[in-house]
J.: 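Dropping a structure here in structure tokens format, bear with me for questions.
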Protein chains: 4
Amino acid sequence: MRQSSSRSEGALFSGVFSRGGVAACVSDAAWVEAMLDVEAALARALASARLATPEAAAAITQAARAVDLDAARLGAAVAATGTPVVALIEALVAAAPDHAHATIHQGATSQDVIDTAMMLMAKRAGAVVLDDLAAAAGAAAVLADRHRHTVMAGRTLLQQALPVTFGLKAAGWLSAIDEARRRLGEILRERLPVQFGGAAGTLASLNDRGVDVAALLARDLGLAMPVLPWHTNRLPLFGLAAALAGVSLALGKIGRDITLLAQSEVAEVSEGGDVTKGASSTMPHKRNPVGAVAVLACTRRVPGLLATLAAAGEQEHERAAGAWHAEWETFADLLRLTGSAAAWARELLAGLQVHAFRMQRNLDASGGEPVAESLSTLLAPFVGRLVALDLAREAVERARESRRPLIDSFVEHAAAALAKANLGRDDVAQALEPARYLGSTQTWIDRALASHAALRSRGR
Amino acid sequence: MRQSSSRSEGALFSGVFSRGGVAACVSDAAWVEAMLDVEAALARALASARLATPEAAAAITQAARAVDLDAARLGAAVAATGTPVVALIEALVAAAPDHAHATIHQGATSQDVIDTAMMLMAKRAGAVVLDDLAAAAGAAAVLADRHRHTVMAGRTLLQQALPVTFGLKAAGWLSAIDEARRRLGEILRERLPVQFGGAAGTLASLNDRGVDVAALLARDLGLAMPVLPWHTNRLPLFGLAAALAGVSLALGKIGRDITLLAQSEVAEVSEGGDVTKGASSTMPHKRNPVGAVAVLACTRRVPGLLATLAAAGEQEHERAAGAWHAEWETFADLLRLTGSAAAWARELLAGLQVHAFRMQRNLDASGGEPVAESLSTLLAPFVGRLVALDLAREAVERARESRRPLIDSFVEHAAAALAKANLGRDDVAQALEPARYLGSTQTWIDRALASHAALRSRGR
Amino acid sequence: MRQSSSRSEGALFSGVFSRGGVAACVSDAAWVEAMLDVEAALARALASARLATPEAAAAITQAARAVDLDAARLGAAVAATGTPVVALIEALVAAAPDHAHATIHQGATSQDVIDTAMMLMAKRAGAVVLDDLAAAAGAAAVLADRHRHTVMAGRTLLQQALPVTFGLKAAGWLSAIDEARRRLGEILRERLPVQFGGAAGTLASLNDRGVDVAALLARDLGLAMPVLPWHTNRLPLFGLAAALAGVSLALGKIGRDITLLAQSEVAEVSEGGDVTKGASSTMPHKRNPVGAVAVLACTRRVPGLLATLAAAGEQEHERAAGAWHAEWETFADLLRLTGSAAAWARELLAGLQVHAFRMQRNLDASGGEPVAESLSTLLAPFVGRLVALDLAREAVERARESRRPLIDSFVEHAAAALAKANLGRDDVAQALEPARYLGSTQTWIDRALASHAALRSRGR
Amino acid sequence: MRQSSSRSEGALFSGVFSRGGVAACVSDAAWVEAMLDVEAALARALASARLATPEAAAAITQAARAVDLDAARLGAAVAATGTPVVALIEALVAAAPDHAHATIHQGATSQDVIDTAMMLMAKRAGAVVLDDLAAAAGAAAVLADRHRHTVMAGRTLLQQALPVTFGLKAAGWLSAIDEARRRLGEILRERLPVQFGGAAGTLASLNDRGVDVAALLARDLGLAMPVLPWHTNRLPLFGLAAALAGVSLALGKIGRDITLLAQSEVAEVSEGGDVTKGASSTMPHKRNPVGAVAVLACTRRVPGLLATLAAAGEQEHERAAGAWHAEWETFADLLRLTGSAAAWARELLAGLQVHAFRMQRNLDASGGEPVAESLSTLLAPFVGRLVALDLAREAVERARESRRPLIDSFVEHAAAALAKANLGRDDVAQALEPARYLGSTQTWIDRALASHAALRSRGR
């Protein structure tokens, strides 16, 4: 087996799956830092509650900053005790003066440290994700506004359906990103609770002072104070996971749309970036939509991780035998992948090149069919919606068979109905103009932009 | 193949998976009713917007009530068009007078009807689920209060760890149910939006009146008005699914705890109900914990369904080719299973029999070991937490080897430390009293009950 | 709530999700039939082992055929005991003469009946699925052979890459279907074992004759005899589920390809069928690819169900508390959805219309770019693969910028290298001919067809 | 953010999730090595096919061994092209002499290298997993044989049901491991195919020699030659994943059983190992079942990963946009977790301590109830199975109410039936002897051992 000087897992595909700032927030080093932050904050909370001396708290805070911890060494210790916390405490004790030893980890159990560390990591990583999402939403808002009149085919079941504008499509992306980041923001602000219950949730070793210490610890770390310890009530973790999966869902839809719009035969958008971006190892002409593909590469992995966390919620008694442990790396992967997708989406939307000419040409190539609904809309008030729909459908069919323009086919086939309605060929021609058959498009775009502006005005 | 007079799927295991009122809210009949409700409400909204006559709206409302629709016939039609809506409209047209025909389904597309129907079904089914959850929470609150001093072993990794009380355990269940139902309630009140966008989201066939009609439709149906149509932004459905999965997570934990507590060798709780409940087809003595098993039978199926809906969120352009269709039965199953779990949990918690004597006996059988932590707590201020932990651990080990009481082993082994701390055998004996080593237990229980009362006082 | 005369769930969307013959094999009636078949076969096995009289076996066989069982009534009974078997036995007892009563269900437990019934259902449903898959494979083989020279663009990351032929694409579909059905066939023939262990796997109530009866039961039902009872070793069920998921994977890829090829802008294939197929409720021109969409609607639901069954494999002791129950409907859904996808795929492939002209036109529209790799292939022997790749890439870039034909751009840009290689414009032109740049295409197609023929010759 | 000198992810929890030898086979270094092995083998295959010189092949083989590749640098390059292969080739070119450059990567595309590398890694990692599984099976076989007469309670729905022996339980574990490893072995030997298709599956750049080179490449690497390139037919990867999930399923059941048997109140088994194993960070008495918990920690993550790979199988055209990329880390995680579970299980089973005395005591504590079935078995031939079942059930109920021994209750309650059957109190006492009510237990154990021996005799 080829030896590497340092164990470095997850680096090989990091360009795709560790994009942007989030990976550093869920790395091994980030875990260690968060756990040490919890131990230090606990010492301070104990001091605030007069259960420890200020000197001990200061010394532990200092030791937590100074201690040099190798994740691999902690990792090896995990095999003996099931968590890295026992070894982490030993290192902290070794780094702290004797007078502080009794205060280290006082009242806490391993799970308190790991669960609270996860909440801290979520808070830190989440801020990065929110920042990328805000930028992605901003870019989508620019696209929505700039292309509010850029007509293109709306497509249902991958068939051209009715005209829309690219601005409306971008408004849909915007609206989903805004909805997803609003929820993630709520979770980050309100639903990341400290976990502090001691070995079985009672905080027995702190006598009657446990809840006070818990509240002080929450305040110190900027986390929420839960009603109860949540060691085996995994809703806080699951709520976070669901919010992240919501982000992933919103971004995956965008990635999918862009890969479809960037197809050689559609070519309505392309990704920004220089010539080497998206190059193939063999094909000289390829300019792959790397950003959109990378978004999908990340988002496709999220539903399985979410299912793992949902299933892991069935935790036994006061600490689960396996289900809890199964959360750790899954939680970190979920943050990393969602955050990477957000970082990719931010770049992708900011650099997206929109080819209005091609949009128009693709719509024209369908010979008016995507506007055929407007023909039934035209006649419906006079002959009823269903008869009008049949007339339009038959006219489309005849136009296809005879390879004639739809307008000719319709004027001929629906002659009686048109006469009854007192409508002429000009009315039909006007009805077949895509840009005139956009209904509420502008209003919808305005609503999405207004909602986005309102969110931004609240500093988000 | 054995013939059944009527096709009746899902009936065979309905006793487990269609418990309580929720199944009727997601049945085929409920789907048909909800779709017809949408069509009728649309007619009324069109009339309110003066796009249809009041007479047409009234006639369609009447026809939607009167029309006799066979789900199986609609189902067969689905093969041709991909949805049951075309056939449903035909039936509605046949049942309505001519003057109303043009108003039927005006402006809408199949997806509008199905998506809005799903939101209506979620609202109706969700109310049933919330009701069962409120009752389950109420029963848990009673248990938490009644057994706040009922000492039992807290268990971590399925090993006795520290004493807790059954009231604290029930408070944990209560807190999780309350958190899950609070979120579900928010979703039901605020996040079930009408879907109304027409064929591609533009509402083109309603010219510039589409958004008005959408708002009127939302008001008529008691649903939220979305910023934009959400035909391919599936966050509303996913948000609901995640809230339901949160409920399932909370209930699954309870089901797991109860199956464990009801084990023959633990026997700390048993389910209420008569003698035939939980009978075996062969074993005369068996009294199976049917309710807890049924909860788990339901909740174990939820993570997979959630993953399906999360993955289905990647929907193409203006209507997805397959991913949308994959949601329909999955959504209904998710409501049905979560609702059934809630109905089971309600009964289970209301009838739970708690065997305090057995709890005490199981704790006693461990010879004080679960309170051994208190020995290190006792000595920690004097010799440091880590030395104290070692002394206690060694005393436990010696007690086991010599089969002597832990108190004897500890007094002997930690003699020097006890002397240094000026502590005697009586102090050790007191420290080993489980009921005295419960820390914040009562405060936690009070917090859970207060939070529950606050939720109830808001009518939930 | 609208009343329906009979409870009939799953009918509404049956046109999509209960396609073909498989749904009848996993219906409630099919469950009841399979369970009765197990009870009858058990009676015969007991008689063969001389543990019951031939008369009792005959009477029970007769009663199992005659008894009229309502799935809904059994379903209600499930709430009391957790399975429908207790109620089923009561009905069977009521339908059988007194002398046979002691033989009914002798030695068995509920799980034996349900698990063995699942295997029987899998055998019956699986045969239907295999039949549809054989037909789908046959249709793919016809496409592969007929279109072996129909040149089209191969597409990677949804970009035109290199030319392929439609026959090669169809050969890929064929090969996947053949691989998936070969595995499913193996499972159906060899890996569907009888489950017969009695209450805890010991068959204690049959003294030392249990294993004999198990073997006789297996033989009677045409199932495999397992090494041990598998009540809590769920590999037999999981192996079946994995084979079905493999089928789903193969079909989902085909569904995805066809929806992409059928896009308005690509239009290289369309589905067969009449004019009303794929009609929209509003858009007169739409001809949706209903079959491919239906395939995806089914296959998208499979990974979640598979995950449920994989997770449910962690079963406690001698019968699981919930995990086992979670399998029942999941197993039936998995068979139903995979089978429906196979039925859809069979029709889809048999009726697929291939538009060779459009394939050629789409390839031509890319101005030779998909064959640009051949330019580096041409030069590689002379200037090295990497230099050649750069030359070709630059020529593509220049052709794009200058909107000139690729051949002109390349002849100019790579002039020195071409001279060195003694190659002229004609060689370049020939290299840019898609039909000449197909490498091993014909050999691959031949291999897929030969492998398919070999499978068929073994009667599959 | 705390800086670590080297990026080292996945190390922190490696004690649990990277147990045994498998992690090294799926590390970044292992990926790089496997990819270089593919490039080198390709050069040799080209030389064997006379498409390259032996000197070039030798030089590339040498360069692939010598090149120093930093996974992190490759990882960064992934962002530009979507795969690490372009950067890997550049490094290989830099390390090889000029005359070999044209031969490097000739005919291949990035996907060929990555997919074939995955198969190589699977082969290498799989051998480690199989080795651990063989040892785990061996240990289970020893337990099955040694404890074939060690009577304990069989438990259904976590209730004592009937007596079994611990040997039978271990035989069940053995049988599942053997079944799972047999399947994994088949996959490793027969179903890991080389992937070699070039950019779009045609191997166009090798003219008509592509299939020959593919076969030579397969032979060189010890992989199977597929019927067709499988770039977007993901059954090979999915088949492997399903086999690994089967292994996980078998091991998860064992982990669950052992955590349950090791509960404080059951205490029928305990894990081997020294005193520090399973120590708690706070509780001196805790000896946690670390091995069984670690098995579950691993296996609980597998169903979600399997679902990701199943869903990723829907791959577009000739290379998927995202779904393919989503497989890479998921595949490695799946191997790592399954392999770690196997390594844990091996140790766990080899060191398992079985407490026969406690098994007997737990059974005795139920006052004969688990053998109550034998009472109905005793009477069934005389009064019918159902009447006998009622009599036994009523006797159990009376014994419980009156707190009398079951034998007394039964002799009294079933007096008439016993008289009719000419049975006395001694017969009842004998029937209530657990060790006499074990049915086919020994035969089943023999079958499991024989099947295991047969597998071993084939060198597995």
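Here is how names work: the chains are called A, B, and so on, in the same order as the sequence lines, proteins then strands, and each is numbered from 1.
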J.: Side chain, backbone, both or neither: which part of D/A320 has a heavy atom under 4.5 Å from chain C?
T.: backbone
J.: With a 4.5 angstrom heavy-atom cut-off, is it the side chain or the backbone of D/V93 that approaches chain C, or both, or neither?
T.: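 Contact with chain C is through the side chain of D/V93 alone.
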J.: So which part of C/I104 gets closer than 4.5 Å to some heavy atom of chain D, the side chain, the backbone, both or neither?
T.: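 When you check distances to chain D, only backbone atoms of C/I104 fall under 4.5 Å.
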J.: Side chain from CB out, backbone as N, CA, C, O: work out which of these in C/H325 comes under 4.5 Å of a heavy atom of chain D, or both, or neither.
T.: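 Contact with chain D is through the side chain of C/H325 alone.
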J.: I need the residue from D/V164, D/L438, D/T441 with the largest number of non-hydrogen atom pairs under 4.5 Å to chain C.
T.: D/L438
J.: Counting heavy-atom pairs closer than 4.5 Å to chain D, which one of C/A323, C/A214, C/P229 comes out on top?
T.: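 Winner by heavy-atom pair count: C/P229.
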J.: Nearest 0.5 Å, please: how far is CG in D/L158 from CD in C/E316?
T.: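 So the gap between those two atoms works out to 5.0 Å.
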J.: I'd like to verify something: which residue of D/D212, D/D98, D/N233 has the highest number of heavy-atom pairs under 4.5 Å with chain C?
T.: D/N233
J.: Please state whether the side chain, the backbone, both or neither of C/V302 comes within less than 4.5 Å of a heavy atom of chain D.
T.: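 Interface part for C/V302: neither.
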J.: Most heavy-atom pairs under 4.5 angstrom with chain C, which of D/A448, D/P163, D/A241?
T.: D/A448
J.: Decide side-chain contact (heavy atoms from CB on, under 4.5 Å) for D/H317 and C/T156; before the verdict, give the C-alpha distance in whole Å, the side-chain angles of both, and the deciding distance to 0.1 Å.
T.: CA-CA 7 Å; D/H317 291 320; C/T156 61; over 6 Å; no
J.: With rounding to the nearest 0.5 Å, note down the distance linking OG1 in D/T443 to CZ in C/R209.
T.: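 One finds 11.5 Å between OG1 of D/T443 and CZ of C/R209.
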J.: Of all heavy-atom pairs between C/A102 and D/A380, which one has the smallest distance, and what is that distance?
T.: CB-O, 4.1 Å
J.: Contact part of C/A171 toward chain D, heavy-atom cut-off under 4.5 Å: side chain, backbone, both or neither?
T.: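 When you check distances to chain D, atoms from both the backbone and side chain of C/A171 fall under 4.5 Å.
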J.: Given a strict heavy-atom distance threshold of 4.5 Å, which part of D/A176 is in contact with chain C: side chain, backbone, both, or neither?
T.: both
J.: With respect to chain C, which residue among D/Q315, D/H99, D/E179, D/H231 yields the maximal number of heavy-atom pairs within a distance under 4.5 Å?
T.: D/E179
J.: List in chain and number order the residues that pass side chain to side chain donor-acceptor pair (under 3.5 Å) with D/Q106, two or more places apart in sequence or in another chain; answer none if no residue qualifies.
T.: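 D/Q106 satisfies side chain to side chain donor-acceptor pair (under 3.5 Å) with no other residue.
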J.: Between C/E318 and D/R155, is there a donor-acceptor pair closer than 3.5 Å when you use the side chain of the first and the backbone of the second?
T.: yes
J.: Could you tell me whether the side chain of C/R300 reaches within less than 4.5 Å of the side chain of D/E314, counting heavy atoms only?
T.: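 In short, these two side chains touch, coming nearer than 4.5 Å.
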J.: Measure from the side-chain N and O atoms of D/R447 to the backbone N and O of C/V227, and report whether any donor-acceptor pair falls under 3.5 Å.
T.: yes
J.: Between D/R436 and chain C, with a heavy-atom cut-off of 4.5 Å, which part of the residue counts as in contact: side chain, backbone, both or neither?
T.: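 Neither part, no heavy atoms under 4.5 Å.
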J.: Can you name the closest pair of heavy atoms from C/F196 and D/W444 and give their distance?
T.: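 Reported closest heavy-atom pair: O-CZ2, 3.9 Å.
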J.: State, yes or no, whether a side-chain contact exists between C/T232 and D/K253 at a heavy-atom distance under 4.5 Å.
T.: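 The answer is yes, as the side chains (C-beta and beyond) meet within the 4.5 Å cut-off.
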J.: Measure distances from D/S440 to the heavy atoms of chain C and classify the residue's part below 4.5 Å as side chain, backbone, both or neither.
T.: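 Both the backbone and the side chain of D/S440 come within 4.5 Å of chain C.
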J.: Where does C/Y437 contact chain D at under 4.5 Å (heavy atoms): side chain, backbone, both or neither?
T.: both
J.: Just list the side-chain donor-acceptor pairs under 3.5 Å for residues 197-208 of chain D, sequence neighbours left out, or say none.
T.:
residue : atom : partner : partner atom : Å
D/T202  : OG1  : D/A204  : N            : 3.3

J.: Check D/L249 against C/A310 and note the closest heavy-atom contact, atom names and distance.
T.: CD1-O, 4.1 Å
J.: Minimum heavy-atom separation for C/F238 and D/G246, please, with both atom names.
T.: CE2-N, 3.6 Å
J.: Name the member of D/A321, D/A450, D/P303 that forms the most heavy-atom pairs with chain C at distances under 4.5 Å.
T.: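 Answer, by heavy-atom pair count under 4.5 Å with chain C: D/P303.
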J.: Look at D/T103, D/T377, D/L378 and state which one has the largest set of heavy-atom pairs under 4.5 Å with chain C.
T.: D/T377
J.: Checking heavy atoms, do the side chain of C/P236, its backbone, both or neither come under 4.5 Å from chain D?
T.: both
